[in-house]
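The analysis underlying the following values was restricted to heavy atoms, covering all of them including side chains, and did not include hydrogens, waters or symmetry mates. Ligands are counted one by one from 1 in listed order, and the atoms in each one are counted from 1 as well.
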Amino acid sequence: MMPWDKLKEECGVFAIADHPEAARLTYLGLYALQHRGQESAGIVSSDRRKLHIEKGMGLVADVFNEARLERLPGGYAIGHVRYSTAGESAFSNAQPILVDCWRGQLALAHNGNLINAAHLRHELERDGAIFHSTSDSEVILHLLSRSRRRTIQEAFVDALRIVQGAFSLVILTPQCLLVARDPRGFRPLCIGRVDGRYTIASETCAFDLINAEYVRDVQPGEVIRIEGDSLETQSPFPKERPAYCIFEHIYFSRPDSLVFGRTVNTSRQLLGKLLAREHPADADLVVPVPDSGLPAALGYSRESGIPFEMGLIRNHYVGRTFIEPRQSIRNFGVKVKLNPMREVLKGKRVVLVDDSIVRGTTSKKIVHIVRAAGAAEIHVRITSPPIIGPCYYGIDTPTKRELIAASKSVEEIRKFIGADSLGYLSIDAMLSAVEDKECYCSACFTDCYPTDVVHDDRQKELFGKNLAELLSSGPH
Ligand code: SF4
């Protein structure tokens with residue numbers, strides 16, 4: 001496994017309704033969303049009679065070929081790319097999840113994380129449910145199947161009333177496409193139009209590739225049913241204060257995407273500009289840690305007047321695993337991915353711009369290779385505040401104990417990574433880099449979570465209800 005110390009986005013979703021090239025456009029959409037998950041990829045299509053599935057472990061380009069796409073007939077399709085935490089990268093967790101139940105076939109692709117999944121799963125298992133994966137997304141399908149409501153859309157809403165946390169998801173039946181976003185809207189989800197047909201994606205960069213036009217975001221708490229050219233929408237959940245994940249702007253999303261109604265590149269350049277104001281440095285060069293640090297380093301450079309240089313070159317073709325040499329090479333993992341430009345760095349005072357520090361181990365290695373390439377001084381500048389708490393809403397974070405900023409001061413972190421100075425952007429400045437700052441979640445920087453957050457073994461205590469109570473809790 002690549003020893004790269006970053007928070008990891010867990011998934012990307014895509015869907016399209018009533019288009020003759022549904023599977024192929026989904027394949028392309030997933031290609032554009034590859035940065036949101038690299039461990040598995042899958043597509044389910046519908047020919048209006050039944051669902052067809054192809055999925056596998058690996059990158060979109062590895063999983064799909066001409067023959068597999070040929071086995072996905074029909075005008076409707078949903079797709080998913082997944083990143084999973086260590087030990088859970090089993091094929092059984094790859095999505096979309098396709099099930100047969102008394103309502104017929106259903107397939108689901110989910111981005112996000114349910115905070116009451118462990119409790120719900122326990123209750124469902126006690127009632128006889130058999131799970132095929134460890135993914136919390138499967139809970140939604142079990143709940144949907146248990147609902148006695150007449151239509152699939154009503155049953156979908158019933159199931160979503162019971163789950164809590166983050167979900168941007170799409171469900172395909174042989175006849176229609178269902179779409180939903182949780183009431184706080186943690187993860188992005190957008191609606192587009194291509195050739196007069198509706199398409200859905202986690203980020204707009206997927207629309208650009210297939211020549212689709214961005215229409216609008218799926219609103220927090222919105223549930224949509226798409227069949228043919230008709231789109232029916234409803235907002236069945238109580239209104240909540242939005243909690244868009246600010247990390248989508250800092251790091252996860254592609255800079256060319258429009259996320260939560262704002263271009264990511266604009267936010268990142270502004271983060272860099274604000275960082276230059278809060279933490280100026282007496283230096284010769286501004287160097288980004290590629291790729292995510294790039295727009296912010298440009299912003300820093302423009303604001304400070306210090307020239308921008310590509311002092312680190314990234315190898316884009318590194319897979320997730322590689323064979324190490326028998327004799328250990330110092331900082332091998334980082335060197336595989338980043339190579340320092342000696343002639344750029346030698347003798348220079350460098351501002352090194354990165355988006356975050358998680359455990360601190362990768363930052364330490366990067367500082368070391370930049371210094372070994374001859375830099376005279378290294379001033380690390382981070383476009384987010386210190387991360388002090390884990391994420392419960394669909395981002396893979398280490399435990400609080402492993403987060404370096406949860407237990408060390410900025411000065412202690414500076415010493416640990418070996419930089420001459422270290423500056424983090426303040427929470428206020430970070431929030432001012434996005435519009436509608438009161439609509440954002442920044443819990444991993446503040447420890448103030450927008451929902452109740454409980455560990456698995458305390459979920460029953462908090463969520464309390466047994467399955468019968470849960471299933472009858474919605475308005476009927
Ligand atoms: S806790 Fe952090 S990573 Fe998780 S949704 Fe909130 S801002 Fe995003």
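- Here C444 fails the criterion, with no N, O or S atom under 2.8 Å of atom 4 (Fe) of ligand 1.
- Remark: E411 engages R414 in a salt bridge, criterion side-chain N to carboxylate O under 4.0 Å.
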Could you walk me through whether E138 and S135 pass side-chain hydrogen bond (donor to acceptor under 3.5 Å, both in side chains), step by step?
CA-CA 6 Å; E138 205 181 336; S135 150; over 6 Å; no

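- Not close to ligand 1: H249, with no non-hydrogen atom less than 4.0 angstrom away.
- Checking F186, F252, Y440 one by one against F247, the ring-ring contact (aromatic ring centres under 6.0 Å, His included) holds for a single residue, F252.
- The residues E438 and R241 are annotated as not salt-bridged, no charged nitrogen and carboxylate oxygen being separated by less than 4.0 angstrom.
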Show your working on salt bridge (charged side-chain N to carboxylate O under 4.0 Å, His left out) between R193 and E213 and close with a plain yes or no.
CA-CA 5 Å; R193 292 278 273 176; E213 175 198 345; over 6 Å; no

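- Partner of L312 under the side chain to side chain contact (heavy atoms under 4.5 Å, CB included) criterion, out of V350, N339, I369: I369 alone.
- Of all the atoms in ligand 1, the ones that sit under 4.0 Å from a non-hydrogen atom of C245 are 3 (S), 5 (S), 7 (S), 8 (Fe).
- Here atom 6 (Fe) of ligand 1 lies nearest to C441 when heavy atoms of C441, G389, S442 are compared.
- Under a 4.0 Å criterion applied to the non-hydrogen atoms of R187, ligand 1 contributes the atoms 5 (S).
- Atoms of ligand 1 lying under 4.0 Å from any heavy atom of I395, numbered from 1 in the order shown and given with element: 3 (S).
- Here M430 has no heavy atoms under 4.0 Å from ligand 1, in either its backbone or its side chain.
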